[in-house]
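Beneath this line is the structure, given in C-alpha cells, with notes to follow.
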Amino acid sequence: MHPAPLHRPRGRISAAIVVLLVALSGCSFSTPDGTAPSQAGEFTFVAPGGQTRIFYDPAGSRGTVSGLSGESLLEPGTTIGLDDFPGQVVVLNVWGAWCGPCREEMPGLQQIHEQMQPEGVTLLGIDVRDSADAARDFMADRNITYPSIYDNPGRSLLALSGFPRSTVPSTIVLDRQHRVAAVFLTAVRVSELLPVVQRIAAEEPAPSGGGT
C-alpha cells in the first residue's frame, strides 16, 4: 500500500514565495550590471548587504542631499556646509583624529582636493567623536587644508537619511547637484577614489570658478 500523498496548502506556499521574493528584492542593493537601484528625491541610504562600495547610476536615479552643515573646524564660530559649494562635486569624508585608517587615507584625500579643485571639486570633512583641538592639531601636522565640519555627535549626518553614523572612515561622493553618486563604507585609496571623482566631475561642465 502506498502512503497517502501529502497535500500542502498551495496558497500558503505561494504567498510565502511572494513574501520571500519581495524581501530579497528589498535587500538586494545591486542591479545585474553592478549599479545601485533607482532612487529619486531626497537621498535615503539602504543597507547594502555587506557591500562597502556602492555606486548610484544613472545620474537620474540619485537622491539629493540637502541641509548638511555644521560648525567649521578650522574657523570656529562659523558654519560650513553643502550650500557653500553650489555646482561643485563634493567629496564628504567622515573622519576622526582617533581613527587609524583615517590617518592613513587623509593625505590622499588632500591630494585629490588639490588636484581636482580646478575642476570644481572640493573635499569636505566631517570630524566626529573628537576633540576640536586634537583634530585641528592633527590637520596642521599633516598639512590638511580642505575644510571640515566639527561634529562630535555626528548630527550633520542626519542629512544622509539612514546613513550609519558609526562607520568611520566613510566617504560619500556628491555630484554637482549634490546627489549621492558613490559611497565608500571603508578607507579608500587615491587609486580607487580619484577615477570615480574624475568621472563624476566630467558628467557636467565645471563651473567657471574653483572652490574653497
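What you see is a predicted model, and the numbers here were worked out from it, not measured in a lab.
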Check your understanding: Should the heavy atoms of other residues, nucleotides or ligands under 6.0 Å from CZ of R142 be counted, would the total exceed 12?
Key -> yes
Study note, to complete from the structure: Taking every heavy atom of V128 against every heavy atom of G154, the minimum-distance pair comes out as CG1-CA, 4.0 Å
Exercise for review: Using only heavy-atom distances, determine whether the side chains of S156 and D151 contain a donor-acceptor pair under 3.5 Å.
Suggested key: yes
Point to revise | Validation row: Q115, Q110 side chains within 4.5 angstrom (heavy atoms) | key: no
Check your understanding: Can you find a side-chain donor-acceptor pair between E42 and S161 that sits under 3.5 Å?
Key -> no
Practice item. Run the ring-centre check on W95 versus F138 and record whether the distance is less than 6.0 Å. Key: yes
Practice item. I would like to know whether F163 and I172 meet side chain to side chain contact (heavy atoms under 4.5 Å, CB included); could you show each step before the answer? Key: CA-CA 10 Å; F163 192 81; I172 304 100; 3.8 Å; yes
Review point. Would M106 and I144 count as a side chain to side chain contact (heavy atoms under 4.5 Å, CB included) if you check the C-alpha gap in whole Å, the side-chain angles of each, and the deciding distance to 0.1 Å?
Key: CA-CA 8 Å; M106 286 186 78; I144 304 298; 4.0 Å; yes
**Study point:** R136 and D130 ion-paired at < 4.0 Å
**Key:** no
**Study point:** Pair L160-V65, side chain to side chain contact (heavy atoms under 4.5 Å, CB included): steps then yes or no
**Key:** CA-CA 6 Å; L160 296 161; V65 178; 3.4 Å; yes
**Study point:** N/O donor-acceptor pair under 3.5 Å between R62 side chain and Y56 backbone
**Key:** yes
Check your understanding: Would you say the side chain of R179 lies within less than 4.5 Å of the side chain of L174, judging by non-hydrogen atoms?
Key -> no
Check your understanding: So I54 and L185, side chain to side chain contact (heavy atoms under 4.5 Å, CB included) or not? Walk me through it.
Key -> CA-CA 8 Å; I54 307 124; L185 297 173; 4.0 Å; yes
Review point. So how far is it from E114 CD to L123 CG, rounded to the nearest 0.5 Å?
Key: 10.0 Å
Check your understanding: Do the non-hydrogen side-chain atoms of T79 and E71 ever get within less than 4.5 Å of each other?
Key -> no
Review point. For the side chain of R176 and the backbone of A201, is there at least one donor-acceptor N/O pair under 3.5 Å apart?
Key: yes
Point to revise | Value rounded to 0.5 Å, distance of NE2 in H178 from CG in D83 | key: 8.0 Å
**Study point:** Minimum heavy-atom distance E105-P169, with the two atoms named
**Key:** OE2-CB, 3.0 Å
Practice item. Would you give the length of the straight line joining atom CG of D175 to atom CZ of R199, rounded to the nearest 0.5 angstrom? Key: 10.0 Å
Practice item. With the side chain counted from C-beta on, respond yes when F85 and V121 share a heavy-atom pair under 4.5 Å apart, and no when they do not. Key: no
Check your understanding: Roughly how far, to the nearest 0.5 Å, is CD of Q88 from CE of M116?
Key -> 11.0 Å
Check your understanding: Side-chain contact, heavy-atom cut-off 4.5 Å: L82 with V90?
Key -> yes
Revision key, fill the gap. In terms of heavy-atom contacts, I80 and P147 come closest through CD1-CB, 3.4 Å
Practice item. If a pair satisfies side-chain hydrogen bond (donor to acceptor under 3.5 Å, both in side chains) and one of its residues is in residues 185-194, list it, with sequence neighbours excluded. Key: R53-E192
Practice item. To the nearest 0.5 angstrom, please state how far the OH atom of Y146 sits from the CG atom of L73. Key: 10.5 Å
Review point. Do L74 and T145 touch side chain to side chain, with heavy atoms closer than 4.5 Å?
Key: no
Practice item. Determine, stepwise, if the pair T171 / N93 fulfils side-chain hydrogen bond (donor to acceptor under 3.5 Å, both in side chains). Key: CA-CA 4 Å; T171 299; N93 178 253; 3.0 Å; yes
Check your understanding: Would you say the side chain of V168 lies within less than 4.5 Å of the side chain of W98, judging by non-hydrogen atoms?
Key -> yes
Revision key, fill the gap. Heavy-atom nearest pair, A97 first then R103, reads O-NH1, 3.0 Å
Exercise for review: State, yes or no, whether a side-chain contact exists between V196 and F55 at a heavy-atom distance under 4.5 Å.
Suggested key: yes
**Study point:** Spacing of CE belonging to M139 relative to CG belonging to D127, to within rounding of 0.5 Å
**Key:** 8.5 Å
